[in-house]
Structure formats: structure tokens, C-alpha cells
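Reviewing the structure listed below.
Chain letters run A, B, ... following the sequence lines, proteins first, then strands; residues in each count from 1.
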Amino acid sequence: MPMRLYNTLTRRLEEFRPADATRITFYSCGPTVYDDAHIGNFRSFLAADLLRRWLESPLCELANETPEQRRHREQHGRRVVHVMNITDVGHMTDDAEGGEHGEDRMAVAGRRLAEAKKAGTIPAGVEINPNDPYQIARFYETRFREDARRLGLKLALEADRDPTLMPRATQSVAGMIALVDRLLRTRAADGEPYAYVAGTPGARVVYFRVQSFGPYGRLSGNTLDRLREGEGGRVVAEHQQQKKHPADFLLWKEDPRHIMKWESPWGWGYPGWHIECSVMSAARLRARSAGEGSIVPLTPEELARLTLPDGEPVIDLHSGGEDNIFPHHECEIAQSCCAFNERPHEGSYAGMWFHPRFLLVEGEKMSKSKGNFFTARDLFAKGIEPAALRLELIKTHYRSNANFTMQGLADAQRTVERWRRAAVEDTARGGPRAAEARAAFADALHDDLNIAGAIAAINSLVGSGEPDAGLIAQADTVLGVLALERPQASQTSIGVFIGVEHDARVVALLEARRDARAAKDFKRSDQIRDELAGMGYAIKDMAGGKVEVRRA
RNA sequence: GGCCGGGUGCCAGAGUGGACAAAUGGAGCGGAUUGCAAAUCCGCUGCCGCAAGGCUUCGUGGGUUCGAAUCCCACCCCGGCCUCCA
């Protein structure tokens with residue numbers, strides 16, 4: 001059974017057919033770095049990570065691989081070149097009028113950091129100037145990459161070796177200018193260029209002309225006629241009148257007073273929200289030199305010349321949260337196809353569009369005001385293991401709204417522990433049960449990434465009493481749970497402390513409890529256990545007389 | 001209003017025309033083990049029945065079919081988008 005995925009573009013389950021079945025190009029819309037990433041962000045990034053790990057697996061069949069490619073894959077797996085951007089260009093808090101008003105998010109973050117600095121809540125050793133947007137962006141980027149590494153986001157680990165896999169928007173502005181320029185120079189079928197400059201010097205705006213791209217709306221279903229209908233109640237602001245069509249979107253905004261700005265043929269200003277992804281994806285995933293070593297991205301000049309025959313996709317696979325479908329990905333398709341394809345109307349920029357749905361928390365939309373808003377760091381600080389959080393965030397099918405709960409997190413923790421035990425037993429390596437489980441695991445993942453089915457296959461094997469360490473390890477290269485860091489354990493002669501500092505007071509209580517138990521004073525020993533529970537510790541008697549201590 | 005994804009047992013979550021009273025975890029119950037816990041292992045866990053078997057379930061109401069959780073229609077609910085958002 002070859003790999004099938006739900007393609008947002010066609011609204012159908014499709015066989016995934018990358019241009020080259022041995023080397024898949026994958027672009028994921030990454031985080032903005034004016035705050036810490038929350039678990040909803042990570043659910044989306046982890047869904048993309050799971051997909052890329054599965055595509056790399058020797059078990060993952062593709063519909064269009066040749067027999068030789070198949071043999072090679074079964075031995076060595078498959079290569080996925082995965083790129084994810086870091087959006088460090090600040091965007092506006094108030095988009096109601098096209099993103100040209102409101103306050104820059106980077107400035108908001110700066111204020112927040114300035115307050116944190118004053119309050120002394122910024123971690124020791126971090127020097128940061130809250131007035132410098134680049135420092136703010138680096139601060140949050142560093143934290144994002146730490147969290148991502150802990151959660152086993154493969155890309156974050158690779159990017160340590162090859163930083164170009166996680167490009168920063170601010171380092172690609174020259175490419176964006178080149179692409180905007182190209183769209184201004186290239187004529188559409190109606191003889192007019194794809195983009196135009198509106199406004200007067202000092203306040204110029206470059207817009208993409210949506211009417212130049214017939215398939216605009218194909219991804220989201222928001223076609224131009226429907227958008228026009230829905231537009232009735234909207235206030236038509238001054239700048240809307242400069243547009244040739246109300247849905248025309250920003251490519252460049254001249255604003256010499258802006259907090260982050262660059263020089264361009266249209267004055268000092270900043271790029272539109274969508275252009276960065278077109279540039280960063282094409283520059284890296286279309287780089288000639290993207291072989292086994294590091295990627296050398298295309299230069300702006302090369303990007304300005306990159307031309308693909310007909311409507312050939314720029315990349316095989318593109319992911320992003322469901323909120324990105326419109327306008328972000330719709331606009332990326334329009335501008336990328338018009339820039340890079342000989343026949344833009346036949347193009348779709350990516351062959352396959354993958355959109356994980358939002359995460360709910362305890363059945364409700366996550367929001368700071370409801371108090372159900374969590375960052376990964378918050379949870380780690382509470383003693384949640386990365387492995388448990390990763391499993392909890394990936395265990396629901398990407399196309400339904402997962403419900404994150406504390407109960408679910410506890411379930412995930414237990415599952416992780418059960419798998420860990422099974423992964424060191426090896427009572428029946430290569431037995432028929434393992435073969436059955438391997439097939440069930442692969443069938444499930446081939447079928448639109450049915451993670452629950454895959455987990456069930458592993459659970460059945462583990463529960464069968466004939467676990468196979470080899471298969472569990474192979475499955476874990478996809479699930480990415482067991483390889484994650486485990487909580488630090490330290491030992492004394494009486495206690496094994498897991499994920500907690502060992503504490504002389506606790507050790508003394510454990511010793512007193514041991515003595516009480518030896519004297520069969522169980523009343524006293526239970527009292528001590530309660531006392532420890534009151535201090536926030538959960539204890540477990542282990543074989544051999546030691547006591548395991550964890551955070552309750 | 002338009003477009004899109006979902007709604008399954010106490011919970012999480014598979015299943016998309018017959019092998020389904022419905023995978024897999026968790027929780028619950030009973031048992032083994034333990035001073036008691038925890039962990040682990042075994043059994044049960046819609047209703048009736050010792051059993052064979054029967055009866056009622058998969059958002060709601062209709063329909064198609066020999067047969068529907070699965071297909072069609074309408075409605076309700078949750079989530080997303082319609083120029084911030086994963």
C-alpha cells in the first residue's frame with residue numbers, strides 16, 4: 001500500500017508522488033519569534049516532523065518509486081530535505097486594515113522583555129537589549145530551538161549542523177526584493193504585470209494583482225467572486241482604494257519610520273507577510289548544490305532567473321497550521337507560480353499541501369484568558385517529560401482537533417514507560433507477531449498518517465508478551481519518543497531520584513520510613529509517605545529496598 | 001453568509017457498506033503480588049442471560065440497501081479561514 005495523504009488543494013486523499021522518490025523536498029511554515037512557542041504551535045510542527053520521519057522510513061512506500069528505488073529505500077530509507085523558516089520580521093498586531101496599522105509585534109515583545117528585565121525574571125546570563133528587535137528575535141529563536149530539540153523535532157537537530165535549513169526571514173530580504181521586482185516586471189496573460197506600485201514616494205506599497213492569477217482561491221475555496229461577496233460589510237479604508245482588487249495583497253510596504261526596515265527600489269520599508277516563504281523555500285529546495293552536505297541557497301540573482309517548465313511544483317510538500325490556508329498559502333501559491341512557472345495557472349507551488357488542525361485544551365480553545373494556555377517550557381518546568389509531551393501532541397490524527405488534557409498527558413507518560421520496558425526486552429526477535437505488528441504499523445501510517453493505528457500496533461506487540469526490541473526501535477525512528485532525553489536520575493543508598501533534586505530532608509524521611517517498616521510500624525511509615533506527598537513527592541518501593549522518588 | 005476539517009463507548013481515540021457491541025491505551029471492577037500503596041501480570045467492563053443466544057448503540061431526523069458507525073439528504077454542535085494567529 002503506497003503512501004496516501006489528504007491534499008488540502010484537491011480536498012481528496014491522494015497518493016503522494018514527489019518529483020524524485022528518493023529525495024523529497026518539504027517546506028514547513030515555522031514559528032514567529034516574538035514570544036515562546038506554545039503547545040498548539042508544537043502540535044503542528046510535530047505533525048510535520050512525524051510526516052517527514054515516516055517518509056524517511058525504510059517502511060514507507062511511494063506510488064511512483066522504481067524497483068531499484070524501492071530496494072534502496074528498504075535498505076537505507078529515503079532522504080527528505082526539510083526546511084522551516086524562522087519569521088523574525090515583526091508583523092502588525094492590528095491587521096484590520098491590511099497590516100499597515102497597529103503596532104509591530106516585535107515592539108510589543110520588546111516592551112514585555114523590558115518589563116521582565118526590570119522584574120528580574122529573565123534567566124541569569126541572558127543579556128538583551130529590549131529595544132533591539134534583532135536581539136528580541138534571537139532570544140525567542142534560541143528558546144524555540146531548545147524546546148524543539150527537546151521534543152525531538154528532527155529539523156532542529158539538523159539545523160545545528162546546517163543552519164540554512166532553518167532560515168531567518170531577515171536574512172532573505174534581498175531575495176524577497178528580487179522576487180517582488182520580478183513580479184513587477186513580468187507580464188500576465190492580460191498584458192499587465194503581476195504586481196503594481198501604488199501610493200506616492202514616502203508611502204509606496206507594492207501589491208500583487210490577484211486577478212492576474214486565475215486559480216487564486218483554489219486552495220482555500222475563497223475564490224475572488226466569493227471574497228467580493230463577503231466583502232460587503234467591510235470598511236473600505238483609504239488604502240483599499242489604491243488597490244485594483246480588494247483582495248490584492250502586500251508585497252512591499254514603504255515605511256521609513258518602521259522598527260525593522262530595509263532599503264528597496266520602493267524605498268525603506270518591509271516585506272509583505274507571504275513573500276518570505278516563496279523565497280526561502282525556492283532558494284533552498286531548488287538549490288543545485290543541495291546534495292548530501294550543507295545547502296547553498298540560490299542567490300537573489302539566481303532566484304530572479306529560476307524558471308520551471310509548465311506548472312511544475314517548486315517543492316513536493318508544504319505544511320502549516322490550518323489558519324495558514326488562507327490567506328498565507330493562497331498568496332504563496334499565487335506569487336510563487338507567477339514568479340517561477342512558465343504556465344503559472346497550471347501550477348500549485350507544492351504538489352501536496354498538508355495542514356494539521358488546531359489543538360484544543362481540556363475541550364476548549366486555548367487562550368491566555370481561559371488559563372488553559374501552555375508553552376512547552378511551562379510544562380517542562382512542571383516536570384513533564386519531553387517524551388510524554390511529544391506523544392500526547394502526536395497521538396491524535398493531524399486532521400482532527402486534538403484535545404490536550406492533563407489526563408492524556410498522564411496516559412502518554414505511562415505508555416512511554418511501558419514502551420521503554422518493552423524496548424529492552426527481546427523475547428521474540430523477528431517472530432511472527434513482530435512481522436504482523438510491523439505490517440500493521442506501516443499500513444496505518446501509509447493511510448494518511450493514521451497515528452492511532454500505528455500506536456495500536458505497537459501496543460498490541462508490547463502487550464502480546466513477545467516484544468521485539470528491533471521493531472520497537474524501528475517504529476521509534478518514526479514516533480521519535482524513546483530516543484528523547486530522560487529525566488535526570490540520581491541515587492543515594494536509599495533513594496533513586498527521578499527528575500527531582502535529591503534532598504537531605506527527603507533522604508532522612510526515607511530512612512525513617514525504612515526503619516519504621518523494619519519494625520513493622522506501618523502506621524508511622526504511611527504517615528511519612530503522606531508527609532512526602534505533602535511536600536510534592538511521589539514514592540514507590542522498588543525491588544531491593546530502594547525507593548523511587550518523583551515529583552507527584 | 002461562503003469555504004473547509006471534525007462529532008464513535010466513562011475518557012482519549014481507531015474503524016468509512018457485511019468478519020462491529022465496535023481496534024488500542026487509560027479509567028473502573030475482580031484476582032495474583034504487596035504490611036498498605038505504586039508498578040507488573042491475568043480476567044471482566046452497553047443491556048438481559050450460567051451459556052448458547054437475544055436486545056439497544058456510533059451528534060439528530062429522514063432516505064438508499066438483503067445489510068449502514070460507514071453511502072445520500074436535511075438539521076444541530078465543535079474547530080478553522082474569509083487579509084494577526086500552528
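Within the 4.0 angstrom heavy-atom criterion, no nucleotide atom of any strand lies near A/Phe42. Contact annotation for A/Arg517: base contact, defined as any heavy-atom pair under 4.0 Å involving a base atom. Within the nucleic acid shown, A/Ile458 has no heavy atom closer than 4.0 Å to any nucleic acid atom. A/His397 comes within contact range of the sugar-phosphate backbone alone, with a heavy-atom separation under 4.0 Å but no base atom that close. Residue A/Gly320 is in sugar-phosphate contact alone, with no base atom involved, counting any heavy-atom pair closer than 4.0 Å across all strands shown. When heavy atoms are screened at a 4.0 angstrom cut-off, A/Arg399 is found touching the sugar-phosphate backbone but no base atom. Residue-level contact check: A/Asp248 touches the bases, meaning some heavy atom is under 4.0 Å from a base atom. Residue A/Asn403 is in sugar-phosphate contact alone, with no base atom involved, counting any heavy-atom pair closer than 4.0 Å across all strands shown.
Whole-Å rounding puts the A/Leu13 CG to B/rU70 P distance at 19 Å. Atom CG in A/Asn324 sits about 11 Å away from atom P in B/rC82, given to the nearest Å. As a whole-Å value, the separation of A/His329 NE2 from B/rC3 P is 22 Å. Rounded to an integer number of Å, the gap from CG of A/Asn222 to P of B/rG1 is 16 Å. Note: CZ (A/Arg43) to P (B/rG80) measures 13 Å, nearest angstrom. With rounding to whole Å, A/Tyr398 atom OH is found 16 Å from B/rC4 atom P. Rounded to whole Å, atom P of B/rA38 lies 12 Å from atom CG of A/Asp541. With rounding to whole Å, A/Glu332 atom CD is found 18 Å from B/rU83 atom P.
For the C1' atoms, the distance linking B/rA12 with B/rG6 amounts to 15 Å, nearest Å. Look at the P atom in both B/rG9 and B/rG15: the space between them is 15 Å, to the nearest Å. Rounded to the nearest Å, the gap between the C1' atom of B/rG13 and that of B/rA27 is 14 Å. Of the C1' atoms belonging to B/rC76 and B/rU65, the separation is 26 Å, rounded to the nearest Å. Separation of the C1' atoms belonging to B/rU56 and B/rA21 is 10 Å when rounded to the nearest angstrom. Rounded to a whole angstrom, the distance from the C1' atom of B/rA69 to that of B/rU16 is 8 Å. With P as the reference atom, B/rG30 and B/rG79 are 39 Å apart, rounded to whole Å. Rounded to whole Å, the separation between the C1' atoms of B/rG61 and B/rA51 comes to 39 Å.
Figure legend: cation-pi geometry between A/Lys365 and A/Phe358 absent, as NZ or CZ is not positioned both under 6.0 Å from the six-membered ring centre and within 45° of its axis. By the 6.0 Å and 45° rule, A/Arg150 stacks over the aromatic ring of A/Phe380.
Taking a 4.0 Å limit (strictly below) on heavy-atom distances, residues 520-534 of chain A reaches RNA chain B at A/Phe522, A/Ser525, A/Asp526, A/Arg529.
Searching all strands for a Watson-Crick or G-U wobble partner of B/rC71 with both distances below 3.5 Å returns B/rG63. Summarising the base pairing, B/rC44 is matched to B/rG28 through a Watson-Crick or G-U wobble pair whose two defining distances lie under 3.5 Å. When both distances must be under 3.5 Å, the Watson-Crick or G-U wobble mate of B/rC3 is B/rG80. In this structure, B/rU34 makes no Watson-Crick or G-U wobble pair, since no nucleotide meets both defining distances under 3.5 angstrom. Pair check for B/rU16 finds none; no Watson-Crick or G-U wobble contact set falls under 3.5 Å. Across all strands shown, B/rA22 has no partner, as no Watson-Crick or G-U wobble contact with both distances under 3.5 Å is found.
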Just the atom pairs and distances: protein N or O near nucleotides 39-43 of chain B's N or O, under 3.5 Å.
{"unit_1": "B/rA39", "atom_1": "OP1", "unit_2": "A/Arg414", "atom_2": "NH1", "d": "3.1"}
{"unit_1": "B/rU40", "atom_1": "OP1", "unit_2": "A/Arg421", "atom_2": "NH2", "d": "2.7"}

Tabulated below should be each protein N or O lying under 3.5 Å from an N or O of nucleotides 77-79 of chain B; please produce it.
{"unit_1": "B/rG79", "atom_1": "O2'", "unit_2": "A/Asn401", "atom_2": "ND2", "d": "3.0"}

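Here A/Ser212 pairs with A/Ala188, A/Tyr194, A/Phe208, A/Arg209 under the side chain to side chain contact (heavy atoms under 4.5 Å, CB included) rule; sequence neighbours left out. Annotation: salt bridge (charged side-chain N to carboxylate O under 4.0 Å, His left out) contacts of A/Asp88 (sequence neighbours excluded): A/Arg138. The salt bridge (charged side-chain N to carboxylate O under 4.0 Å, His left out) search around A/Arg52 returns A/Glu56, A/Glu158, not counting sequence neighbours. With sequence neighbours excluded, the residues forming a side chain to side chain contact (heavy atoms under 4.5 Å, CB included) with A/Arg204 are A/Val197, A/Pro201, A/Glu254, listed by chain and number. In this view, A/Lys546 satisfies the salt bridge (charged side-chain N to carboxylate O under 4.0 Å, His left out) rule with no residue, not counting sequence neighbours. Remark: A/Arg420 pairs with A/Glu385 by the salt bridge (charged side-chain N to carboxylate O under 4.0 Å, His left out) rule, at least two apart or across chains. With sequence neighbours excluded, the residues satisfying side chain to side chain contact (heavy atoms under 4.5 Å, CB included) with A/Ala109 are A/Tyr34, A/Arg112, A/Ile136, A/Tyr140. Every ring-ring contact (aromatic ring centres under 6.0 Å, His included) that A/His38 has, sequence neighbours left out, goes to A/Phe373.
When each of A/Ser460 and A/Ala452 is assigned the nucleotide of RNA chain B with its nearest heavy atom, A/Ala452 is the one assigned upstream, toward the 5' end. When the nearest nucleotides of RNA chain B are assigned to A/Pro327 and A/Ser44 by heavy-atom distance, the more 5′-ward of the two goes with A/Pro327.
In this structure, A/Asp541 pairs ionically with A/Arg517, as a charged nitrogen and a carboxylate oxygen lie closer than 4.0 Å. A salt bridge links A/Arg357 with A/Glu322: the closest approach of a Lys/Arg side-chain nitrogen to an acidic carboxylate oxygen falls below 4.0 angstrom.
Distances were taken from every side-chain heavy atom of A/Ser400 (C-beta onward) to each of B/rA86, B/rC4, B/rG6; the shortest belongs to B/rG6.
Listed pair A/Asn459 / B/rA23 fails the phosphate criterion, with no side-chain N or O lying under 4.0 Å from OP1 or OP2.
Between A/Phe42 and A/Phe144, a ring centre-to-centre spacing shorter than 6.0 Å is recorded.
Legend: salt bridge (Lys or Arg N to Asp or Glu O under 4.0 Å) pairs involving residues 399-414 of chain A, not counting sequence neighbours, sorted by first then second residue: A/Arg399-A/Asp448.
A/Ser278 and A/Tyr349 share no side-chain donor-acceptor pair at under 3.5 Å.
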